[in-house]
S.K.: 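Let me begin by handing over the structure; questions about it come next.
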Amino acid sequence: MPELPEVEVIRQDLARRVVGRRIRRVEITEPRLTRRRGTPRRVEMALAGHSVKALRRRGKCFVFNLGQDSLVIRLGMTGQLLWRQGDEDVRPDRHTHARFLFSGNNVLAYRDIRKFGEIFLLPTKDVERILSLGVEPLEASFTPEMLRRVCGSSSKIKPLLLDQAKIAGIGNIYADEALFRAGIRPTRRASSLRAEEIRALQRAIRAVLLAGIRHRGSSISDYRDADGQPGRFVPLHRVYRRHGKPCVRCGTPIRRIILGQRGTHFCPTCQR
DNA sequence: AGTACGCCCTGGCCGC
DNA sequence: TGCGGCCAGGGCGTAC
């Protein structure tokens with residue numbers, strides 16, 4: 001499940017390969033991919049011939065800047081972006097739903113087993129407005145004060161962390177891991193957090209996202225980097241999917257509950 | 001506004 | 001071996 005760190009790792013892998021390269025041709029073979037906007041044919045035609053000026057990340061989205069238009073790719077739960085050298089010529093399997101053929105005979109393949117991901121085009125000037133995502137947690141603007149403002153809500157803190165319109169890029173894994181590091185129970189009302197808890201959570205969010213990037217992501221199920229390699233962060237998870245196992249800090253068995261329809265993991269002793 | 005639920009989709013796993 | 005049922009959850013739509 002690609003969240004901010006996984007998307008960032010892939011972005012870094014791809015940026016040095018696609019920026020400045022021209023998209024020769026695009027093949028989209030799964031109509032669901034473009035359901036949000038346009039059709040496969042229209043996206044294919046609009047992309048062909050354009051060069052990638054920049055590749056950035058916004059929350060969990062890739063944004064390929066092509067000039068007038070930008071190509072947005074969201075990986076959903078099981079999406080993968082795989083870079084293939086021309087001479088490898090890997091046959092696309094039944095889960096490869098799009099291929100971007102670049103100058104220099106290289107291919108960027110989009111695979112997605114569950115087809116929750118999407119590909120669409122936006123006018124570059126409208127990307128921010130239409131994606132309407134919250135603050136980037138790794139940017140300087142994500143201060144304790146900013147988090148305090150986000151927390152002015154009666155909702156529980158964990159579902160709030162997952163709200164992409166408030167903070168962009170945090171998913172189920174990193175939400176649980178950040179709350180553990182901050183010593184905060186996922187069921188706490190956001191508005192009940194004290195100033196020092198807000199500060200701890202702001203630090204924990206940044207720390208856990210940076211650690212995720214440093215270890216090249218969490219390969220829970222299908223996550224792979226642009227070269228098909230899994231990340232190494234899972235063994236460093238402290239609570240996510242560790243229910244029943246002893247807390248790394250105090251030994252209390254990690255508990256699992258459902259919160260906002262999501263599996264939620266925490267230490268009942270360390271998180272208050 | 002918050003919260004709950006169903007849906008999209010597939011593969012993995014469990015019990016029988 | 002095989003099949004039904006359940007689970008994983010990102011994001012969206014709908015209902016209360």
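Hydrogens, waters and symmetry mates play no part in the numbers below; they use all other heavy atoms, side chains included. Chain letters run A, B, ... following the sequence lines, proteins first, then strands; residues in each count from 1. Keep in mind that this is a model prediction, so the values were computed, not measured.
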S.K.: May I ask you to verify if any side-chain N or O of Arg36(A) is less than 4.0 angstrom from the OP1 or OP2 atom of dC12(C)?
M.R.: yes

S.K.: For the base of dG10(C), is there a side-chain donor-acceptor partner from Arg262(A) under 3.5 Å away?
M.R.: yes

S.K.: Take the protein atom CD of Glu118(A) and the nucleotide atom C1' of dG13(C), then report the distance between them rounded to whole Å.
M.R.: 14 Å

S.K.: Arg272(A): which residues meet the salt bridge (Lys or Arg N to Asp or Glu O under 4.0 Å) condition with it, sequence neighbours left out?
M.R.: none

S.K.: What is the nucleic acid contact for Gly263(A), judged by heavy atoms within less than 4.0 Å: base, sugar-phosphate only, or nothing?
M.R.: sugar-phosphate

S.K.: Treating a pair as Watson-Crick (purine N1 to pyrimidine N3 plus N6-O4 or O6-N4) or G-U wobble (N1-O2 and O6-N3) with both distances under 3.5 Å, list the stems of 3 or more consecutive pairs that involve DNA chain C.
M.R.: B:2-8 with C:10-16, B:10-16 with C:2-8

S.K.: If you measure from the Lys or Arg side-chain nitrogens to the Asp or Glu carboxylate oxygens, is any gap between Asp227(A) and Arg17(A) under 4.0 Å?
M.R.: yes

S.K.: When we call it a touch if two heavy atoms are under 4.0 Å apart, what does Arg94(A) touch: a base, just sugar-phosphate, or nothing?
M.R.: sugar-phosphate

S.K.: Are the aromatic ring centres of Phe102(A) and Trp83(A) under 6.0 angstrom apart?
M.R.: yes

S.K.: If the P atom of dC7(C) is compared with that of dC5(B), how far apart are they to the nearest Å?
M.R.: 13 Å

S.K.: Using whole Å, report how far CZ of Arg35(A) lies from P of dC9(B).
M.R.: 9 Å

S.K.: Between Arg25(A) and Glu44(A), is there a side-chain N and carboxylate O pair less than 4.0 Å apart?
M.R.: no

S.K.: Please name the pair of heavy atoms, one in Ala211(A) and one in Arg181(A), separated by the smallest distance, quoted to 0.1 Å.
M.R.: CB-NH2, 4.4 Å

S.K.: Supply the atom-to-atom distance Ile113(A) CD1 to Gln80(A) CD, rounded to the nearest 0.5 angstrom.
M.R.: 6.5 Å

S.K.: Is there a side-chain polar atom (N or O) of His95(A) under 4.0 Å from OP1 or OP2 of dG11(B)?
M.R.: yes

S.K.: What integer distance in Å separates Tyr240(A):OH from dC7(C):C1'?
M.R.: 11 Å

S.K.: How many whole angstroms separate atom NZ of Lys115(A) from atom P of dC9(B)?
M.R.: 7 Å

S.K.: Regarding Gln164(A), tell me which of base, sugar-phosphate or nothing describes its non-hydrogen contacts under 4.0 Å with the strands shown.
M.R.: sugar-phosphate

S.K.: Encode nucleotides 1-8 of chain B as B, S and - characters from 5' to 3', where the letter depends on protein heavy atoms closer than 4.0 Å: B to the base, S only to sugar-phosphate, - to neither.
M.R.: -SSSB--B

S.K.: Starting from P on dG11(C), measure out to CG on Asp112(A) and report it in whole angstrom.
M.R.: 13 Å

S.K.: Check whether more than 12 heavy atoms from other residues, nucleotides or ligands sit under 6.0 Å from atom CZ of Arg249(A), and answer yes or no.
M.R.: no

S.K.: Roughly, in whole Å, what's the span from CG in Leu162(A) to C1' in dC12(C)?
M.R.: 15 Å

S.K.: Mind telling me whether Tyr110(A) and His97(A) have parallel, tilted or perpendicular rings, with 30° and 60° as the class edges?
M.R.: tilted

S.K.: In whole angstrom, what separates Ile73(A)'s CD1 from dG11(C)'s C1'?
M.R.: 17 Å

S.K.: With a 4.0 Å cut-off, would you call Arg56(A) and Glu128(A) a salt bridge?
M.R.: yes

S.K.: Classify the nucleic acid contact of Tyr174(A) as base, sugar-phosphate or nothing, counting any heavy atom under 4.0 Å across all strands shown.
M.R.: nothing

S.K.: Nearest whole angstrom, please: distance from the C1' of dG11(C) to the CG of Leu131(A).
M.R.: 13 Å

S.K.: Would you call the rings of His237(A) and Tyr174(A) parallel, tilted or perpendicular, where under 30° means parallel and over 60° means perpendicular?
M.R.: perpendicular

